[in-house]
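To start, the structure itself, in structure tokens.
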Amino acid sequence: FRLSRDAGEGGRSPDGVVFCSCKRSVAARWLNNKRRAILILQPEKVEEFFFMRFIQCGAFGPPENLTVEESAEPGILSGCVRIATKACGVYFVDALMVQGFYQIRPDPPFVPGTEVSGTIIEVGEGVEGHAVGDSVMAAPGQGGFADQVMVPASLVRPIPRGLSFAQAAGFYQAYCTAYFALVHRAQLQPDETILILGAAGGVGLSAIDVAKAIGARVIAAASTVKG
């Protein structure tokens with residue numbers, strides 16, 4: 001497959017792979033919305049890279065100001081895994097963070113998204129216990145609203161049996177929050193009675209499950225549609 005050496009020119013192979021002979025910055029613009037590319041930097045050096053889409057917070061503001069962007073995927077870091085995202089958890093924390101109202105304030109631009117589920121597609125050096133193809137859930141803290149997310153292996157867990165990707169993406173933070181609140185802070189004991197307010201939300205529903213697992217009597221309360 002021959003191609004032009006002029007920047008901005010390129011072509012497509014029979015299997016749909018896009019080729020371009022130019023600088024990475026030019027290729028990124030010219031290959032916008034393409035999934036895979038071969039970048040030829042010079043005759044003896046050929047580099048393959050993939051594009052990923054992500055939601056970006058360019059400046060603190062309401063969630064409707066978020067934008068969808070694209071860039072080449074970053075290289076894998078040691079101690080990390082790369083996850084092809086199947087589902088993202090969306091929390092009140094995410095809405096607060098993009099407005100600058102959360103106690104953690106990343107410097108814009110950044111990619112929000114504190115929790116994901118998906119399939120591992122790459123494993124960094126030094127990682128043990130995870131392999132390509134594993135179905136996992138993770139809480140990266142940010143960066144989750146993307147086609148791919150790179151996460152330290154210590155923050156990645158196998159998806160519990162029976163959970164879908166969508167369910168797993170809303171499991172990690174909600175259940176950890178409920179468990180920490182009831183077990184470590186409230187020190188809830190079997191046969192005690194607990195009143196859970198806001199029981200229709202993610203953390204509220206998780207708190208019901210955790211309290212019942214402990215053996216407590218649960219009273220759940222939630223508002224109606226009319227408030």
Side-chain angles (χ1 to χ4, degrees), residues 25 28-29 32-35 49-77 79-122 124 136-157 159 163-181 185 196-207 222-223 225 227:
S25 59
R29 291 194 295 270
N32 190 32
N33 295 321
K34 303 300 190 299
R35 300 292 298 171
F49 62 98
F50 292 79
F51 279 94
M52 54 178 282
R53 293 174 301 168
F54 53 90
I55 294 176
Q56 179 172 276
C57 176
F60 290 129
E64 52 265 32
N65 289 355
L66 298 174
T67 59
V68 177
E69 307 292 344
E70 278 198 350
S71 72
E73 65 180 15
I76 188 72
L77 299 177
C80 295
V81 301
R82 190 192 308 277
I83 300 170
T85 306
K86 298 291 187 180
C88 303
V90 181
Y91 291 89
F92 186 49
V93 166
D94 299 304
L96 292 176
M97 190 176 292
V98 300
Q99 295 177 84
F101 296 153
Y102 194 54
Q103 57 262 39
I104 299 173
R105 287 170 53 96
D107 293 329
F110 67 91
V111 178
T114 55
E115 184 171 8
V116 302
S117 66
T119 303
I120 293 178
I121 57 174
E122 190 175 4
V136 295
M137 55 188 188
Q142 65 183 77
F145 293 168
D147 286 337
Q148 303 174 10
V149 58
M150 186 163 49
V151 187
S154 60
L155 301 179
V156 177
R157 295 290 183 272
I159 293 179
L163 289 188
S164 66
F165 284 114
Q167 290 169 327
F171 180 91
Y172 208 136
Q173 289 192 64
Y175 277 86
C176 286
T177 299
Y179 185 88
F180 181 80
R185 303 294 291 181
I196 299 175
L197 304 178
V203 175
L205 290 169
S206 303
S223 61
V225 176

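Remember, it's a predicted structure, so these values are computed and weren't measured experimentally. By convention here, the first residue in the shown sequence is residue 1.
Note that CG of D147 is 10.0 Å distant from CD1 of I55, once rounded to the nearest 0.5 Å. Taken from CZ in F110 to CZ in F60, the straight-line distance is 5.5 Å, to the nearest 0.5 Å. Rounding to the nearest 0.5 angstrom, the gap separating the CG atom in L66 from the CD atom in Q56 is 9.5 Å. Distance check: R157 CZ to M137 CE gives 8.0 Å after rounding to the nearest 0.5 Å. Rounded to the nearest 0.5 angstrom, F171 CZ and S206 OG are separated by 7.5 Å. Note that CD of E70 is 10.0 Å distant from CE of M52, once rounded to the nearest 0.5 Å.
Nearest heavy-atom pair, C88 versus G144, reported as atom, atom and distance to 0.1 Å: SG-O, 3.2 Å. When all heavy atoms of A168 and E115 are compared, the closest pair comes out as O-OE2, 3.7 Å. Closest approach of G113 to P140, counting heavy atoms only: O-CG, 4.0 Å. Closest of all the heavy-atom pairs between A138 and V156 is CB-CG2, 4.0 Å. Heavy atoms only, all atoms of each residue included: L163 and Q167 are closest at CA-OE1, 3.4 Å. Annotation for I159 and S117: closest pair CD1-CB, 4.3 Å, computed over non-hydrogen atoms.
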Carefully, step by step, assess E122 and Q148 under the rule side chain to side chain contact (heavy atoms under 4.5 Å, CB included). CA-CA 10 Å; E122 190 175 4; Q148 303 174 10; over 6 Å; no
(request) Using the side chain to side chain contact (heavy atoms under 4.5 Å, CB included) rule, take V90 and F145 through it: C-alpha gap first, then chi angles, then the decisive distance, then the call. (result) CA-CA 9 Å; V90 181; F145 293 168; 4.1 Å; yes
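Q173 is linked by a side-chain hydrogen bond (donor to acceptor under 3.5 Å, both in side chains) to T114, counting only residues two or more places apart in sequence or in another chain. The side chain to side chain contact (heavy atoms under 4.5 Å, CB included) test applied to A139 returns Y172, not counting sequence neighbours.
With hydrogens and angles ignored, the 3.5 Å screen pairs a side-chain donor or acceptor of T85 with a backbone N or O of A146.
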Review item, side-chain donor-acceptor pairs of residues 96-106, under 3.5 Å, at least two apart:
unit_1 : atom_1 : unit_2 : atom_2 : d
Q99    : NE2    : A95    : O      : 2.8
R105   : NH1    : G100   : O      : 2.5

